[in-house]
Structures are given as C-alpha cells and as structure tokens.
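Single-structure report; data block below.
Every chain is numbered from 1, with letters handed out A, B, ... down the list of sequences. Owing to the predicted nature of the structure, the values given are computational and were not obtained by experimental measurement.
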Protein chains: 2
Amino acid sequence: MNVETALQRLKEKGYKRTKQRERILEIFVKQDQYIAAKEILKEIQNDFPGVSYDTIYRNLYMLTDVDILEATELGGEKHFRLGCDTHGHHHHFICTTCGKTKSIEFCPMDSINENLSGYDVENHKFEIYGKCPQCH
Amino acid sequence: MNVETALQRLKEKGYKRTKQRERILEIFVKQDQYIAAKEILKEIQNDFPGVSYDTIYRNLYMLTDVDILEATELGGEKHFRLGCDTHGHHHHFICTTCGKTKSIEFCPMDSINENLSGYDVENHKFEIYGKCPQCH
DNA sequence: ATTTAATTCGTAATGATTATTATTTCGAGA
DNA sequence: TCTCGAAATAATAATCATTACGAATTAAAT
C-alpha cells in the first residue's frame, strides 16, 4: 500500500485530499509498525505546527473505517498501522520495547475445535508479546 | 476461589485484611464476569460512601499481581475478573455486552508452527469476542 | 495499650480521547 | 477561473479513565 493508492481509495469513498491526510499516510507508509496517536501528532507538527488531536484522531479512525489502517490497544493507548491487505488476515508478534511487529500467518481460529454453538463470534485477538531480535 | 481463601493468600503475602478488600473480593466472587473499575466503585459506595478510585485501583492491581484477579482491556477500560487457577492456563470467549466469559481450553501456542527464532516470547493473548447466548 | 507500617480518604493532577465552534480549504460545477 | 457548499481543520475546552499525594486512619504485631 502506497500513499497514492490510499488517497485513491479515499476519493472513491468521497473523502477529500488534504495535505494533512497525505502527511499522515506518508508516516504510516514509511514506518511499518504500530504507532500511537501522539507520535503521529509529534511527527506532523514538523510540517503543520497547528494540527490538533482532533484532526489526528478523526483521520486515524476514518482510515481504519475504510480498512487502510488497522488498530490495536497497547498499554492503554490506541495504536495504528497500515492494514496489510497484501497478506490477508493475520496476527502479530509485537515487541514490547520498540513496538515493531512481525506478522504471524497462523490464525488460531483455523485450528480451534471448541464448541461455541449459541455464541455469536464477532471478533478475536491473538497477539504474541516479547522482545524482537534488536531489543533482545 | 472464595473470599476467605483469597484473604488467606493475601495474609501470606503480608497484606492486611480490610473491610474494603473484603467487599471488593465479595463482588468478584458473586459475579463471575469481567467488571470495570467504575462498576466496582459504584458497588462499594453502597457500603463505604467515601471510597476513592485510589483504593479501587490499588487493590485491583494488587489482586492481579498476586494472581487472584486477571485483567483485560475492553473498550478502552481495564476490566477484571477472578482468576481461574482451577483450570490452569486457558483463554476466554468474552461477551462484549455483559462481560460474561466462557473458557476456551484451546491454546494457540500449542498449535503454532511459525519461525520465531531470535524473538523472545514473553506472553500472548488470545481472546474471542462476541455475544453470549443470553445477549444474542 | 502502644507502636508502626499499611491502608485509606479526599482531592488534585495527568494523559488520552472526544466534543464544540468558528474558520479555512477542497473540488465540483457554472 | 470563480463561486459556493460541504468537508476538513484549528484552537480550544470538556470528558473520562487512571494515577498521584499528603494527611488521617486502621490493622495487627509486640
């Protein structure tokens, strides 16, 4: 996923192209890892000193809505990263030091053999936490 | 796990027996589901109008530390429930409406076959979210 | 009963997120 | 190109969960 493709998808959905959105997308394309909202804010303030959290959150949620980003919760903060529609559904190893991730292709829902009749499964979370080779 | 057993374990670890702690434990023993901090506060204020969040959180974290409770994050809020040391390690289906859980004996770490050499695995989370039969 | 450290209370601070309103900007159509 | 309305943003302020802190209280050991 590159910036232009993402902006194209936004356009199809009726969203406008703004400098701030471009910049947000650039950040995610450049860094392939989970990033907290405040990191995004800090980064963008280099170019747009006045950006507010409102802009950040509104865009992060919107981008998650249209499946350009995906979100998870790390240490009480929402983190976002580029959705990987290239790999399809998968999970992550998440480094608890630097936040970098490694894709886990294995999905427990494929192997699980548990009786869940009567239960309406909407979602699931499988994440492995630890230290990546660099932080180890 | 009943209240007395829990208080016994606390005593062994050097923690004092207080009315507030008893009351917190009672709540968890009575309701076998994930509960948010503010629910605990509300419940306890019936008996102790003056309890502060400080007391709630300090105790919830302490009880999680000594493995009497276990924690998860639901909708941006930390939720707690009695730990289930009877069954050993397992996971949960969590109802996103009422917080009730169903044990999942299957653990993905037993089936996973992914190359994680160089990575130091410390922990993992596997949870299934949805509606339980009652809330469905 | 005395002592002491643990615990609680009352309240204030923090930090992430959400909401509000006025202003600006994008981009479709004249 | 110009104009206009909708969408997006800036600049706050408000909210909500969580954490912090000093003073007062209390459990329990001696």
Tabulate protein N/O versus nucleotide N/O from nucleotides 26-30 of chain C, keeping only pairs under 3.5 Å, one per line.
residue: dC26(C); atom: OP1; partner: Lys19(A); partner atom: NZ; Å: 3.1
residue: dC26(C); atom: O3'; partner: Arg17(A); partner atom: O; Å: 3.3
residue: dC26(C); atom: O2; partner: Lys16(A); partner atom: NZ; Å: 2.9
residue: dG27(C); atom: OP1; partner: Arg17(A); partner atom: N; Å: 2.7

Let me know the distance between [atom1] of [X] and [atom2] of [N], rounded to the nearest Å.
X	N	atom1	atom2	result
Ile35(B)	dA17(D)	CD1	C1'	17 Å
Tyr57(B)	dT14(C)	OH	P	18 Å
Phe48(B)	dT7(C)	CZ	C1'	13 Å
Leu25(A)	dA8(D)	CG	C1'	15 Å
Arg23(A)	dT9(D)	CZ	P	15 Å
Met62(A)	dT18(C)	CE	P	15 Å
Ile56(A)	dG15(C)	CD1	P	19 Å
Arg21(A)	dT25(C)	CZ	P	15 Å

Side-chain touch [X]/[Y], heavy atoms, less than 4.5 angstrom:
X	Y	result
Phe93(B)	Ser103(B)	no
Leu10(B)	Arg21(B)	yes
Glu105(B)	Glu114(A)	yes
Met62(A)	Tyr15(A)	yes

Does OP1 or OP2 of [N] have a side-chain N or O of [X] closer than 4.0 Å?
X	N	answer
Gln20(B)	dT26(D)	no
Tyr53(B)	dA12(C)	no
Arg58(B)	dT19(D)	no

Tell me what Asp54(B) touches on the nucleic acid: a base, only sugar-phosphate, or nothing, going by heavy atoms under 4.0 Å.
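Since a base atom lies under 4.0 Å of Asp54(B), the category is base.
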Looking only at the side chain of Tyr61(A) (C-beta and beyond, no hydrogens), which of the listed nucleotides dG10(C), dT18(C), dT19(D) gets closest?
dT18(C)
Kindly point out which of dT9(D), dT8(C), dC9(C) is positioned nearest to the side chain of Val51(B)?
dC9(C)
Checking side-chain contact (heavy atoms from CB on, under 4.5 Å) between Ile27(A) and each of Leu82(A), Ile40(A), Val3(A), which is the one that passes?
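Exactly one option meets the side-chain contact (heavy atoms from CB on, under 4.5 Å) with Ile27(A), and it is Ile40(A).
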So does Asn113(A) have more than 12 non-hydrogen atoms from other groups sitting under 6.0 Å from CG?
no
Taking the six-membered ring for Trp, are Tyr57(B) and Tyr61(B) parallel (under 30°), tilted (30 to 60°) or perpendicular (over 60°)?
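Ring orientation, 0 to 90° scale: tilted.
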